[in-house]
K.L.:
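Can you keep this structure in mind? I'll have questions shortly.
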Amino acid sequence: MKPSEPRRSPRPVPAHLRDLLAAMTLDEKIGQLVMVSLGAETIVTGPKAAEEPSVDDVRTGRVGSVLNLVGRDRIHALQRIAVEESRLKIPLLFGLDVIHGYRTAFPVPLAETAAFRPDLWEATARAAAEEATDDGLALTFAPMLDLARDPRWGRIVEGPGEDPTVGRAYARAKVAGFQGRDLARPDGLAATAKHFFAYGAATAGRDYASVDLSERTLHEFYLPAFEAAVKAGCLAIMPAFCDIAGRPVSGDRGWLTELVRDAWGFDGIYVSDYDAIGELVAHGVAADMAEAAARALHAGLDVDMMSRAYPDGLKPALERGLVSQTDLDAAVLRVLAAKDRLGLFEAPYGRGDPSRPPARSRDARRALARDVAAASMVLLKNDAAVLPLGPRGGPIALIGPVAARPAEMIGSWFCLGDQEEIVSLADGLAAAFPERPLTVVEGCDLDGDDDAGIPAAVAAAEAADVVLLAIGEPAGMTGEAASRAHPRLTGRQRDLARAVLATGRPVVVLLSCGRPLVEPEIFEKAAAVLVVWGPGSEGGHAVADLVCGRRSPSGRLPVSWPAAIGQIPVFYGERPSGRPFAEGEHFTTRYLDVANEPAFPFGAGLGYAPFDLSDPVVDRPRFRPGEALRLTATLANRGSVEAATTVFLFVRDRVASTARPLLELARFRTETLAPGESRELVFTLGDDDFALLGPDLAPRLEPGAFDLSLGFSADRRALRTVTVELVDADAAIV
Ligand code: BGC
């Protein structure tokens, strides 16, 4: 476990903002805390407000921020009303969910995580920020950093998977990418770390349901990515919809202010989730809008997105003495400071300035989208090296409802993704195999009972040398409010798959999904399975790059892939149990009807070249607090093609004051090696890598033995381990 990083020092508030605050009326102050969806007919991301906001609210200073409005002309027109017609001329802040690209869609976040490439995570955020700021936007509601162990939860697709170390790296890369070198520049897009926090642990994977986890698990697993985002300087945080053990986060001062502001040093703004402040009433912790508003404001929540709790409830709350003027002023000042950091006072039209040339060409964005999509796909099985397919040979049958549907490539929650420009699987494969006949047959519907096309699909399979079976889960069935008790193929696709597999032709499954789908029978019978996720605008080309062998697959699973729905949540960072599983022993931790292991562990994934990893060697078997420990190992590509692989370094603290997880990820590294090439990998570990949270949840070092294990996944049977000993650490604080 990595303990807290040093506290960030909050920036001082500039004097001119204090003067501005002093000039504001109560209505104008409250207005700065209000974010509304205005003039946005096309993008709707939550329930409709009872009372529609109007442009006049901007003119009278009753609105401070706007979401879901797109197009630089519309944004500038509204900005003009704020900065030229309102009394105090305070600029508006425009935000949107720029999740995985703006017009050019990159792979969905879970997919992108599978690339295990922080450089690419940052690059796609930067490219999205360039496009979004070119259109006048200043804020994105991303990255989502919710750790998720439960594929029933549809929003698992939006985040970086199950591991806190990966979550930290992802948070840093995304904040750096979105915000750029300087937030005040016209291409700076403020990042929002969301949804703070533990939202991914919704009971039974049901979106918006209550969360109940131990403080230790919250601190060890669910908080680290948010802490990293704060330390990386993210401008905003969005509290989650959920309650944690009865404490709705949107109204919780302990989490929002005492931990994140006071202990971590967060000096940005909290933007509520859609309607979340008003929902404190439904949570049962506020009797009316005034109580909800008071509770959220006192907790430290600055901006009310679409609940009307602040515009309607704050005045009565002040009158009833439920909240203080000091809390109000502090929140207003933070919003003004955020706008100032974004350079909005100086250059309210800087973003979306038509005279500024685009930061990169369309071709460069498309090339990046293709590269990241290919790096994200995970090859889980490849019997008899059925993949890659040769450029010449017999017919290929591309079968399945995902085959020719571009919309399924773009994945859940695309922003403005240009529908005309999405490359379908059929188009991408046709371009990659000009010399092989390619038949495309849908077979059945993606969701629904129509299976009339199955006989035609079987006929196409029988006439082909190899079948590419493009199946999955509709993109629209992943994301928010998309929980599924049966995370499996939808409609009649299982029947289609069985019929095609029964032909005896080699079948390569191209699985389009936003979460692990539990389909053991199909995985077993298929010759190969390539998880393509929601790969984005260049999806069809990227799949084709891998299928034809132009490039070796290199994605690795960022989540354990369950073998059975009843195993959920299944994740690698479990604690050991007093009765660890032992073959043939009845009274050990196990199921009677299924193995404990997932179908594929965290980190699983194949390529077209086998890799070898030597035993790890350490420069010292014993070390003291403060010393750096060097671990080296040699990685070798034993194949005949260039390929990339990811090496994971895990730590296990064998004996400690609290039972430690069986494995904790300390480092991951993705390396590309030429055929026959070997490379020495050096990992330097320090106190942070060996620290744990003590019984009081404060970080400390405890002496004793630690296993350092290297491998290509979290499959413990395949790891190579060296044991080191920490001495002279008597529960030292780090
Ligand atoms: C989602 C957020 C999103 C917000 C604004 C909510 O429904 O939970 O993730 O940022 O809407 O669109």
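When a ligand or atom number is given, it counts from 1 through the structure's own listing order. Count residues from 1 along the sequence.
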K.L.:
Got a second to check how far I422's CD1 is from E408's CD, nearest 0.5 Å?
P.N.:
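Between atom CD1 of I422 and atom CD of E408 there are 10.0 Å.
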K.L.:
Just need the protein heavy atom nearest to atom 7 (O) of ligand 1, so name the residue and atom and give the distance.
P.N.:
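Of the protein heavy atoms, E480 OE1, 2.8 Å lies nearest.
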K.L.:
Hey, which atoms in ligand 1 end up nearer than 4.0 Å to a heavy atom of M305?
P.N.:
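Answer, ordered by atom number: 5 (C).
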K.L.:
What do you reckon, does Y199 put a non-hydrogen atom under 4.0 Å from ligand 1?
P.N.:
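Checking ligand 1 against Y199, which is what was asked, there is no heavy-atom contact under 4.0 Å.
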K.L.:
Charged N to carboxylate O under 4.0 angstrom, R295 versus D252?
P.N.:
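Salt bridge: no.
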K.L.:
Going by the order shown, which atoms of ligand 1 are within less than 4.0 Å of some heavy atom of K194?
P.N.:
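What qualifies from ligand 1 is 2 (C), 3 (C), 9 (O), 10 (O).
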K.L.:
Between R556 and F116, is NZ or CZ placed under 6.0 angstrom from the six-membered ring centre and within 45° of the ring axis?
P.N.:
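Checked: cation-pi criterion not met.
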K.L.:
Check M144 against ligand 1 and report side chain, backbone, both or neither, counting heavy atoms closer than 4.0 Å.
P.N.:
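The answer is neither; M144 stays 4.0 Å or more away.
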K.L.:
Taking N or O atoms only and a 3.5 Å limit, does Y274 qualify as a polar contact for ligand 1?
P.N.:
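By distance alone, the answer is no.
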K.L.:
Which of the atoms in ligand 1, numbered in the order shown and given with their element, are less than 4.0 Å from a heavy-atom of R155?
P.N.:
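Taking each heavy atom of R155 in turn, ligand 1 has 1 (C), 2 (C), 8 (O), 9 (O) under 4.0 Å.
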K.L.:
Are D243 and R247 close enough for a salt bridge, meaning some N to O gap below 4.0 Å?
P.N.:
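Between R247 and D243 there is no salt bridge, as every charged N stays at least 4.0 Å from the carboxylate O atoms.
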K.L.:
Which residue holds the protein heavy atom closest to atom 5 (C) of ligand 1, what is that atom called, and what is the gap in Å?
P.N.:
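Sorting protein heavy atoms by distance from atom 5 (C) of ligand 1 puts D97 OD2, 3.3 Å first.
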K.L.:
Using a 4.0 Å cutoff against the non-hydrogen atoms of W413, which atoms of ligand 1 qualify?
P.N.:
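In order of numbering, the contacting atoms are 3 (C), 9 (O).
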K.L.:
Salt bridge or not for K194 and D97, using N-O below 4.0 Å?
P.N.:
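A salt bridge links K194 with D97.
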K.L.:
Ion pair present between R261 and D302, side-chain N to carboxylate O less than 4.0 angstrom?
P.N.:
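Salt bridge: yes.
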K.L.:
From the options M35, H195, M238, E158, select the one whose nearest heavy atom is closest to atom 9 (O) of ligand 1.
P.N.:
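Looking at heavy atoms only, H195 sits closest to atom 9 (O) of ligand 1.
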K.L.:
Do NZ/NE/NH1/NH2 and the carboxylate oxygens of E130 and R360 come within less than 4.0 Å?
P.N.:
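Between R360 and E130 there is a salt bridge, with a charged N closer than 4.0 Å to a carboxylate O.
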K.L.:
Within ligand 1, which atoms have a heavy atom of D273 less than 4.0 Å away?
P.N.:
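Result: 1 (C), 2 (C), 3 (C), 4 (C), 6 (C), 7 (O), 8 (O), 11 (O).
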K.L.:
Under a 4.0 Å threshold between the charged nitrogen and the carboxylate oxygen, would E131 count as salt-bridged to R103?
P.N.:
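No.
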